[in-house]
Amino acid sequence: MKQLSGNVQRKTFSSVLVKFAVCFLVLGIAYRLFSSSLLQFSPVLVGNDGERGLSVGKTTPPQVVAEPPPEITDDPFLNLDDHAPENVTEKCNLFLGDWVPEPNGPMYTNTTCHTIEAPQNCMKNGRPDSDYIYWRWKPRDCYLPKFDPSKFLNIMRKKSMAFIGDSIMRNHVQSLLCMLSKVEKAVDIYHDEPYRNRRWSFPSYKFTVSLFWSPFLTKARTFEDDNGVSTGLIQLHLDELDTLWTKHIENLDYVIIAGGKWFLKSALYYENNTLVGCHNCHNANITQLGFLYAYRKAINSVLKFIVGSKTKAFTLFRTSVPDHFENGEWNTGGYCNRTRPFKEGEIEINDTDKILRRIELEEFQSAAAENRASLELFDATLLSLLRPDGHPGVYRTERPYAGKDKHAKIQNDCLHWCLPGPIDSWNDLLLEMLLKHSN
């Protein structure tokens, strides 16, 4: 009888063990399925023309992006746009925020948009990584929807928009045209011989986009080739604006305008058609005024003209954009090979960019006090500072190492942005500011 009782106990114990094992097995399988579904990213579709680009099944978001910091995993702002929070702060600083993972990737690729110029076509040029396209700018205190090309074009119906400035403006225009191409492709209706000044049309919306090449915004004579090699000092008239853009401004509805790094170049300065000084001219008979004097004078003249003119244009004044050259400049071996954004506190703005920004903010505040209704600040400095990974680097040309040693010194571009790339988020901000203005 004791032996029978022992057998029953052993069978009961074994049964319990089996049940526990099955339960743990089922729970393990369920966890595996659940976690894998969380880490799965949507592939980015591309064209079938055979060009190098993002390819389905071959290029996926970086695995590190799948692990955002714990403090933002439950943030409602990271949800899809159709789940926007109901109580969003109406007034906030759109330009104070962080770059957060964007698993869906860009709205376009280098194979679906054909207005990307060669130096920004990083993937076609052979850049091997793609991590930099899976990030999105997120303001800290409010919700920023992703760019909606249909909404943008409807707002711009029968309107005109102009981008005025240097090659960063051209970079921005290319990004905008690529994003709008999801709805309608731009028609090139004008360009000058070097393709610096251009105009596009969106016929279905009777909307035009213009690009005015005016790196100093004021009257200037430059003496350098396409590679930036100078054969003479720039002649800059600080009190005369560039008529290339001023003669058109009364016919524009929207303007995005900016100064920038061209003011760091050696130059002679004129006021009232009289030589008053220079920057880095190495002439003992000419007063060394420095580029900060010229920058303040030029920005002051530009903003005073805009707020004092009869133009109906709503103007966005964009702040200057830092570069990310390390261990040198563009012509002294500087490079940029980082593959992730900085977090705030990991990098500080350099002294030159800090001073340029201070001048911009002071002159903007002074001008906006006269006519804030027609002028807003597009503060691109911080969000650009945090993206050292978004530049072409050596991939400003196609296959830069072809036929060269892998350690060869090759000129880097650490100022402009790859397309697709971080500058696409500028259009999220642009649309939000236009919507705010139109309400």
Side-chain angles (χ1 to χ4, degrees), residues 49 51-53 108-125 156 160-181 184-203 207-231 234 241-249 251-252 254-262 265 318 321 323 330 391-392 395-400 411-421 423-424 426-427 430:
D49 54 6
E51 290 187 2
R52 178 182 176 84
Y108 65 94
T109 74
N110 64 305
T111 59
T112 62
C113 178
H114 303 289
T115 56
I116 302 174
E117 295 186 5
Q120 284 77 54
N121 201 338
C122 301
M123 290 186 179
K124 182 179 180 183
N125 291 343
M156 293 295 112
S160 59
M161 174 177 282
F163 291 77
I164 305 168
D166 58 17
S167 53
I168 298 296
M169 278 295 179
R170 183 170 65 234
N171 206 170
H172 190 182
V173 169
Q174 291 176 44
S175 168
L176 178 63
L177 296 180
C178 283
M179 296 178 85
L180 293 178
S181 69
E184 183 173 1
K185 289 181 170 56
V187 177
D188 192 342
I189 57 176
Y190 167 79
H191 62 79
D192 59 8
E193 189 172 346
Y195 283 80
R196 283 184 167 178
N197 297 286
R198 303 187 65 176
R199 187 172 299 115
W200 297 268
S201 171
F202 291 83
F207 168 51
T208 59
V209 179
S210 298
L211 173 64
F212 294 108
W213 169 259
S214 186
F216 294 105
L217 304 176
T218 62
K219 179 181 176 181
R221 293 187 65 195
T222 58
F223 307 91
E224 63 180 43
D225 60 22
D226 292 338
N227 294 317
V229 178
S230 178
T231 57
I234 295 166
L241 299 182
D242 188 354
T243 58
L244 177 72
W245 65 270
T246 58
K247 66 183 180 182
H248 293 287
I249 197 164
N251 298 318
L252 295 169
Y254 298 95
V255 169
I256 299 94
I257 192 167
K261 297 298 179 72
W262 276 69
K265 296 175 179 284
R318 177 177 59 71
V321 179
D323 61 57
W330 68 273
H391 303 293
Y395 297 100
R396 56 189 288 269
T397 58
E398 190 167 2
R399 293 173 175 77
Q411 183 176 325
N412 279 239
D413 180 357
C414 305
L415 175 62
H416 302 94
W417 304 100
C418 292
L419 294 177
I423 199 170
D424 294 329
W426 293 16
N427 295 315
L430 174 60

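Numbers here are sequence positions counted from 1. Quantities reported herein were computed from a predicted structural model and do not represent experimental measurements. Note: hydrogens, waters and symmetry copies are ignored here, and every other heavy atom, side chains too, is used.
Within the 4.5 Å cutoff, the side chain of Glu184 has heavy atoms near those of the Pro203 side chain. Counting heavy atoms from C-beta outward, Val321 and Trp426 have side chains that approach closer than 4.5 Å.
Take Tyr190 and apply the ring-ring contact (aromatic ring centres under 6.0 Å, His included) test, not counting sequence neighbours, and it matches no residue. Every residue meeting the side-chain hydrogen bond (donor to acceptor under 3.5 Å, both in side chains) condition with Lys261, not counting sequence neighbours, appears here in chain and number order: Asp323, Asp353.
Looking at Asn121, its side chain never comes within 3.5 Å of a backbone N or O of Ile116 through a donor-acceptor pair. Between the side chain of Thr109 and the main chain of Thr112, a donor-acceptor pair closer than 3.5 Å is present.
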task: Determine, stepwise, if the pair Phe163 / Leu176 fulfils side chain to side chain contact (heavy atoms under 4.5 Å, CB included).
output: CA-CA 11 Å; Phe163 291 77; Leu176 178 63; 3.8 Å; yes
Verdict with reasoning, Leu415 to Trp330, per side chain to side chain contact (heavy atoms under 4.5 Å, CB included): CA-CA 9 Å; Leu415 175 62; Trp330 68 273; over 6 Å; no
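Neither side chain, Ser160 nor Asn251, offers a donor N or O lying under 3.5 Å from an acceptor on the other.
The two residues Ala118 and Asn125 come nearest to each other via the heavy atoms O-ND2, 2.8 Å. Heavy-atom minimum distance, Met179 versus Asp424: SD-O, 3.7 Å. Of all the heavy atoms in His416 and Ile168, the pair that sits closest is CD2-CD1, 3.7 Å. The two residues His114 and Thr111 have their closest heavy-atom pair at CE1-O, 3.6 Å. Across Tyr108 and Pro420, no two heavy atoms sit closer than the pair OH-CA, 3.3 Å. The heavy-atom pair separating Arg198 from Tyr195 by the smallest distance is CD-O, 3.5 Å.
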Donor-acceptor pairs under 3.5 Å, side chain of residues 207-216 to any protein atom, not counting sequence neighbours: which ones?
residue : atom : partner : partner atom : Å
Ser210  : OG   : Arg199  : NE           : 3.0
Ser214  : OG   : Leu217  : N            : 3.3
Ser214  : OG   : Asp242  : OD2          : 2.9

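Rounding to the nearest 0.5 Å places OG of Ser167 at 14.0 Å from NE2 of His172.
When the options Arg396, Arg196, Lys124, Arg170 are evaluated for a salt bridge (Lys or Arg N to Asp or Glu O under 4.0 Å) with Glu117, the one that passes is Arg170.
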